[in-house]
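Starting off with a structure, shown below.
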Amino acid sequence: MLNYVKTEFITLKDNPTINEKWVQERIAEDPRILGLGNLILRDKERIQPAAGRLDLLLQDENSEKRYEVELQLGKLNESHLIRTIEYWDIERKRYPQYDHCAVIIAEDITSRFLNVLSLLNNTIPLIAIQMRAVKVGDSLSLVFTTVLSEFRRGLEEDEEDSMEVTDRHYWEQRATKRTVELADCILSLIQTFTPNVKLKYNKFYIGLEKEGVVDNWVIFRPKKELIRVEIRYPRSDEMDAWLENNHFDCMEYDKWGRYRLVFRSKEEIKEKQNLLIEFLEKASKE
């Protein structure tokens, strides 16, 4: 039989022996207590250029997701909320290769602030956590309850696949005939190791289709002067170096796990066709 133990909720704001630093240390010791998954500590009291210090920087150990965390004892106020968003904005601009989320933790998040946070959450990835200190005998524990979860947006292709199917003429009007033909050039390289694959024209991108089955490990976005070829492949320092050493015009690695290469002419594709086949074949097997 389990014994019943009476608990007591206490407020830390005016506690003479426990302060924000103590709470920060408990989270730093084991960030999983926040209930946001398997997080690891990246930094604490992280200096922000001309903007103070970020309480905690956490990262999901299995992904490129980072959490900018601010703590407040007592009731959430405007200055802490603004600071949280400001630090999130600084970090995402300094390190765009990561997926960033702002996290505010406070003992009391009023309904007024919860409404404001809900509005902000439509445009800013934001999590609000209410913290309570629980006294059990001579021991103290912390309970963290997420009162506002990050607004989850579907993957780009999930949304776009639900849109209407278009045709080649649509893309030649939206971009140009010349840049759509660049997709044909890349397709011919893919067909050297994957026969029977063809282009599938969607409203927002051109994907791949084989025997009626969609397989968008690579997608194409023709523009007026160029085509963007987005190849899904795990990011690594080795691949980054390979692309740089072979002088590919490569945009930032995107949040959907794709390398985004840019080509402006058939000649440019032909010049790199052997390297492209090597990369594309690897990506098709991932």
Side-chain angles (χ1 to χ4, degrees), residues 63-65 96-99 125 151-236 239-240 242-244 246-286:
S63 72
E64 300 297 302
K65 184 70 171 285
Q97 68 270 34
Y98 295 100
D99 189 12
F151 181 70
R152 297 285 183 179
R153 293 169 174 81
L155 291 178
E156 187 176 19
E157 60 263 40
D158 289 344
E159 177 185 355
E160 294 175 355
D161 279 347
S162 66
M163 301 295 183
E164 63 186 275
V165 175
T166 58
D167 57 19
R168 190 180 184 93
H169 177 71
Y170 167 85
W171 276 100
E172 289 177 347
Q173 296 298 309
R174 176 171 174 167
T176 66
K177 183 177 180 179
R178 183 185 69 83
T179 55
V180 173
E181 288 175 349
L182 298 183
D184 296 330
C185 292
I186 302 292
L187 177 65
S188 68
L189 301 183
I190 295 171
Q191 289 172 335
T192 62
F193 56 85
T194 306
N196 303 322
V197 67
K198 62 180 183 179
L199 299 177
K200 185 176 188 300
Y201 301 96
N202 301 291
K203 188 173 182 180
F204 293 99
Y205 65 89
I206 301 173
L208 292 182
E209 181 181 63
K210 183 178 180 181
E211 298 174 353
V213 178
V214 173
D215 188 12
N216 289 330
W217 57 269
V218 59
I219 63 174
F220 309 94
R221 298 186 195 272
K223 308 292 183 182
K224 293 295 185 182
E225 301 295 332
L226 56 86
I227 190 170
R228 204 166 77 208
V229 183
E230 303 181 7
I231 305 169
R232 186 183 293 126
Y233 193 79
R235 187 173 193 179
S236 67
M239 181 52 69
D240 288 351
W242 186 85
L243 290 168
E244 183 176 355
N246 287 295
H247 308 292
F248 279 93
D249 188 349
C250 187
M251 300 172 66
E252 289 179 357
Y253 189 82
D254 72 22
K255 66 176 67 177
W256 295 281
R258 297 194 190 104
Y259 282 98
R260 299 186 294 170
L261 309 183
V262 173
F263 297 96
R264 293 174 174 81
S265 68
K266 293 180 181 179
E267 290 73 24
E268 188 179 359
I269 293 172
K270 185 176 182 180
E271 178 187 342
K272 297 185 182 299
Q273 67 178 9
N274 292 333
L275 294 169
L276 263 174
I277 290 172
E278 178 184 345
F279 184 18
L280 290 165
E281 188 169 9
K282 285 181 179 179
S284 70
K285 297 174 180 177
E286 283 292 323

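Keep in mind that the numbers below use all heavy atoms, side chains included, and drop hydrogens, waters and symmetry copies.
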(message) For E225, I'd like to know if atom CD has over 12 heavy atoms of other residues, nucleotides or ligands within 6.0 Å.
(response)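 Check fails, neighbour count at 12 or below.
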(message) Does K224 have more than 12 heavy atoms from other residues, nucleotides or ligands lying within 6.0 Å of its NZ?
(response)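 Count over threshold, so yes.
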(request) Considering non-hydrogen atoms only, spot the tightest contact between D249 and R264 and give its length. (result)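 The answer is OD2-NH1, 2.7 Å.
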(request) Give the minimum heavy-atom separation between L243 and C250, together with the two atoms involved. (result)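 What the structure gives for the nearest pair is CD1-SG, 4.1 Å.
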(message) Assess whether a salt bridge exists between E268 and K272, defined as any Lys/Arg side-chain N lying under 4.0 Å from an Asp/Glu carboxylate O.
(response)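 No, E268 and K272 are not salt-bridged.
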(message) Within the supplied structure, the quantity of interest is the number of heavy atoms (other residues, nucleotides, ligands) at a distance under 6.0 Å from K210 NZ; does it exceed 12?
(response)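 More than 12 heavy atoms, drawn from other residues, nucleotides or ligands, come within 6.0 Å of this atom.
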(message) Is the shortest side-chain heavy-atom distance between R168 and D184 below 4.5 Å?
(response)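 Touching, per the 4.5 Å side-chain cut-off.
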(request) Could you check if a side-chain atom of P222 sits within less than 4.5 angstrom of a side-chain atom of L182, using non-hydrogen atoms only? (result)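 A side-chain contact is absent here, since even the closest heavy-atom pair is not under 4.5 Å.
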(message) Please report the interatomic distance CG(N216) to CD1(I206), rounded to the nearest 0.5 Å.
(response)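 That separation rounds to 11.0 Å.
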(message) Quick check: closest heavy atoms across K203 and Y170, and the distance to 0.1 Å?
(response)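 That would be O-OH, 3.1 Å.
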(request) Please tell me if the side chains of T179 and K223 come closer than 4.5 Å, counting only heavy atoms from C-beta onward. (result)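 Not in contact.
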(request) Please examine the side chains of Y253 and M239, heavy atoms only from C-beta on, and report whether any two atoms are closer than 4.5 Å. (result)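 Not touching, per the 4.5 Å side-chain cut-off.
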(request) Look only at the side chain of R258 and the backbone of W217, and say whether a donor-acceptor pair between them is shorter than 3.5 Å. (result)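 A pair under 3.5 Å: no.
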(request) Quick one: pull up CD in Q273 and SG in C185 and give me the separation to the nearest 0.5 Å. (result)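 These two atoms lie 10.0 Å from each other.
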(message) Rounded to the nearest 0.5 Å, what separates atom NZ in K200 from atom CG in D167?
(response)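 Atom-to-atom, K200:NZ and D167:CG are 12.0 Å apart.
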(request) For I190 and F220, work out which heavy atoms get closest and say how close. (result)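 Heavy-atom minimum between the residues: CD1-CZ, 4.3 Å.
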(request) Indicate yes or no: at least one non-hydrogen side-chain atom of R174 is less than 4.5 angstrom from one of T166. (result)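 Not in contact.
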(message) Distance check, rounded to the nearest 0.5 Å: E181 atom CD versus T176 atom OG1?
(response)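 Rounded to the nearest 0.5 Å, the CD-OG1 separation comes out at 8.0 Å.
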(message) Please report the interatomic distance CE(M251) to CD(E230), rounded to the nearest 0.5 Å.
(response)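 CD of E230 is found 8.0 Å from CE of M251.
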(message) Measuring only between side-chain heavy atoms, which start at C-beta, is L261 closer than 4.5 Å to L276?
(response)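 Yes - at least one pair of side-chain heavy atoms lies under 4.5 Å apart.
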(message) Taking A283's backbone N and O only, do any of them form a donor-acceptor pair with R232's side chain (distance below 3.5 Å, no angle check)?
(response)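 Side chain of R232 to backbone of A283, a donor-acceptor pair under 3.5 Å: no, none is there.
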(message) List the residues meeting ring-ring contact (aromatic ring centres under 6.0 Å, His included) with Y233, not counting sequence neighbours, and say none if there are none.
(response)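 Checked Y233 against ring-ring contact (aromatic ring centres under 6.0 Å, His included); matches are F279.
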(message) Does I269 form a side-chain contact (heavy atoms from CB on, under 4.5 Å) with L189? I'd like the steps, not just the answer.
(response) CA-CA 10 Å; I269 293 172; L189 301 183; 4.1 Å; yes
(message) Do L280 and T194 have side chains that approach each other closer than 4.5 Å (heavy atoms only, starting at C-beta)?
(response)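 Result no, sub-4.5 Å side-chain heavy-atom pair not found.
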(request) Might you point out which heavy atoms bring Y201 and L199 nearest each other, and give the distance in Å? (result)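 Distance-wise, the nearest heavy atoms are OH-CD1, 3.6 Å.
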(request) Rounded to the nearest 0.5 Å, what's the gap from CD on E278 to CH2 on W242? Could you check? (result)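 Atom-to-atom, E278:CD and W242:CH2 are 5.0 Å apart.
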(message) How close do F204 and R221 get, counting heavy atoms only, and between which atoms?
(response)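 Taking F204 first and R221 second, the nearest heavy atoms are O-NH1, 3.0 Å.
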